[in-house]
Amino acid sequence: MKKICYVGLIGRPNVGKSTLLNNVLDYDLTIVSNLAQTTRDNIKGIYNDDESQIIFIDTPGIHKAEYLLSEKLNEKSYNTIQTVDVVLFLTPANEKLGTGDKFIINKIKDLTETNLIAVITKVDLAKNKEELNKKAMELKELGFSTVLGVGVGYKQTYNDLIDEIKKYSYEDEKPYEDDQLSDISLRFIAKEIIRESAIKNLYEEVPHSIAVLIDDFKESEDENVPYNIFATIYTKSESQKGIVIGQGGKKIKSISMASREKMSKVFQHSVNLFLKVKVDNNWVDKEEKIKKAGY
């Protein structure tokens, strides 16, 4: 028996949810990018120590829905709010509380009466302590009795957050093994690594109009035989396909190389990656294609 707690990470896009999860686990589990919507799935990260198991659920950033895909991503976050023991509302130290933040806070209150903690992320980017104190007071005025801060390079802040979450834990059978960091599969990780590499290579050109599907994943127990991974990047148009491929195939080669290198490191196994690009018109607005893409 251990003390268990399920925790949902909620906030706007790019507020530091994935970075918080990576730092708590001390493992590069999720895509971390400066672009919005880099987390498209509810990713579970599992924290273990001698007495506790805390299951963190990283959700897509809640944003104005422009496509059916956007609506589906928001639904994932709303569903998480209703099923966890603690909701962490994240907001960055270097940004003011805006209408988007207040909309999410009100949505949380509408959906659940569970335990709420406000977390000011990116405290390393705050101008001064007074700025942090002012934001903490604003959050308390909006109904948060507990406000904590975390930041890269401030390891103790993450320890303090864990200690606070433990106050809401309860004895139960642990759902995961002590050495398990997540419940996601190698296929899922491969898909996310390819999408991450595409986002970094394409930047603002087409990153959120693409989907990645793993067509086949052939594992090998022989360390001398690489994993063979076959994947397809789908775009919304022929012009976007051309951007992903790049002049003389330079972009797709860069995406493939970066993906293969990171997969080899994460899987601790050599990888052969076979990557192609196809057009799937308006996939972001079609229910069956969104489901096929795993969202």
For residues 137-153, the salt bridge (Lys or Arg N to Asp or Glu O under 4.0 Å) pairs (sequence neighbours left out) are none

Closest non-hydrogen atom pair, Ile214 against Arg187: O-NH2, 2.9 Å

How many angstroms lie between CG in Leu9 and CZ in Phe89, if you round to the nearest 0.5 Å? 12.5 Å

Parallel, tilted or perpendicular: ring planes of Tyr227 versus Phe267, cut at 30 and 60 degrees: tilted

Same cluster (ILVMFWY, side-chain, under 4.5 Å), Met1 and Ile55: no

Between Asp178 and Lys174, which heavy-atom pair has the shortest distance, and what is it? OD1-NZ, 3.0 Å

Connected via hydrophobic side-chain network under 4.5 Å: Val244 and Val279: no

Validation row: Thr114, Val86 side chains within 4.5 angstrom (heavy atoms): no

Can you tell me if Ser256 uses its side chain to pair, donor with acceptor, with the backbone of Lys253 under 3.5 Å? no

For Ser52 and Asp49, indicate whether the former's side chain and the latter's backbone hold a donor-acceptor pair under 3.5 Å. no

Quick check for you: to the nearest 0.5 Å, what is the distance between Leu161 atom CG and Asp163 atom CG? 9.0 Å

Take atom NZ in Lys218; do more than 12 heavy atoms of anything else shown fall under 6.0 Å from it? no

Scan residues 96-117 for pairs that pass salt bridge (Lys or Arg N to Asp or Glu O under 4.0 Å), counting only residues two or more places apart or in two chains. Arg12-Asp101

Closest non-hydrogen atom pair, Leu25 against Ile46: CD2-O, 3.3 Å

Walk me through it: do Ile233 and Lys276 pass the test side-chain contact (heavy atoms from CB on, under 4.5 Å)? CA-CA 6 Å; Ile233 296 176; Lys276 58 188 177 183; over 6 Å; no

Write down the atom of Lys2, the atom of Asn48, and the distance for their closest heavy-atom approach. NZ-OD1, 3.3 Å

Inter-residue atom distance Ile57.CD1 - Thr83.OG1, 0.5 Å rounding: 5.5 Å

Main-chain N/O of Val15 paired with Thr121 side-chain donor or acceptor, under 3.5 Å: yes

Ser237 and Ser239: CA distance, side-chain angles, deciding distance, side-chain hydrogen bond (donor to acceptor under 3.5 Å, both in side chains) verdict: CA-CA 5 Å; Ser237 65; Ser239 61; 3.0 Å; yes

Quick one: pull up CD1 in Ile210 and CG in Asp280 and give me the separation to the nearest 0.5 Å. 13.0 Å

Just how far is it from atom OG1 of Thr91 to atom CZ of Phe144, taken to the nearest 0.5 Å? 9.5 Å

So, Tyr170 versus Asp85: side-chain donor-acceptor pair below 3.5 Å or not? yes

Flag side-chain contact, heavy atom, 4.5 Å: Glu171 against Ile4: no

Does any non-hydrogen side-chain atom of Val87 lie less than 4.5 Å from one of Val84? yes

Evaluate side-chain contact (heavy atoms from CB on, under 4.5 Å) for Ile243 paired with Lys251, printing each intermediate quantity in order. CA-CA 8 Å; Ile243 292 171; Lys251 283 285 187 184; 5.8 Å; no

Identify whether Leu125 and Val150 are in the same connected component of the hydrophobic contact network (ILVMFWY, side-chain heavy atoms under 4.5 Å). no

Any side-chain heavy-atom pair from Leu213 and Lys191 closer than 4.5 angstrom? no

Polar side-chain atom of Lys166 near backbone of Cys5 as donor-acceptor pair, under 3.5 Å: no

Any donor-acceptor pair under 3.5 Å linking the side chain of Glu192 with the backbone of Phe188? no

Scanning both residues in full, the closest heavy-atom pair of Ala231 with Ile194 reads CB-CD1, 3.6 Å

hydrophobic_cluster_shared for Ile10 and Phe103, side chain cutoff 4.5 Å: yes

Same cluster for Ile104 and Leu97 if Ile/Leu/Val/Met/Phe/Trp/Tyr side chains link at under 4.5 Å? yes

Closest non-hydrogen atoms of Ile229 and Ala190, given as atom of the first, atom of the second and distance, are CD1-CB, 4.4 Å

Heavy-atom side-chain proximity of Val277 to Tyr234 below 4.5 angstrom: no

ring-ring contact (aromatic ring centres under 6.0 Å, His included) partners for Phe230, two or more places apart: Phe274

Quick one: do His269 and Val271 satisfy side-chain contact (heavy atoms from CB on, under 4.5 Å)? Show the steps, please. CA-CA 6 Å; His269 198 105; Val271 170; 5.6 Å; no

Do the non-hydrogen side-chain atoms of Lys134 and Glu131 ever get within less than 4.5 Å of each other? no

Is the gap between the ring centers of Tyr47 and Phe56 under 6.0 Å? no

Within the structure provided, determine whether Met257 and Arg260 are in side-chain contact (heavy-atom separation under 4.5 Å). yes

When you measure from the side chain of Lys200 to the backbone N and O of Arg195, does any donor-acceptor pair fall under 3.5 Å? no

Which distance, rounded to the nearest 0.5 Å, do you find between the CG of Leu202 and the CD of Gln240? 9.5 Å

Please step through side-chain contact (heavy atoms from CB on, under 4.5 Å) for the pair Leu88 and Val7, ending with a clear verdict. CA-CA 7 Å; Leu88 300 187; Val7 179; 3.5 Å; yes

Please assess Ser197 against Lys262 for the test side-chain hydrogen bond (donor to acceptor under 3.5 Å, both in side chains), listing each intermediate value before the final yes or no. CA-CA 9 Å; Ser197 299; Lys262 184 161 186 178; over 6 Å; no

When you measure from the side chain of Gln53 to the backbone N and O of Tyr176, does any donor-acceptor pair fall under 3.5 Å? yes

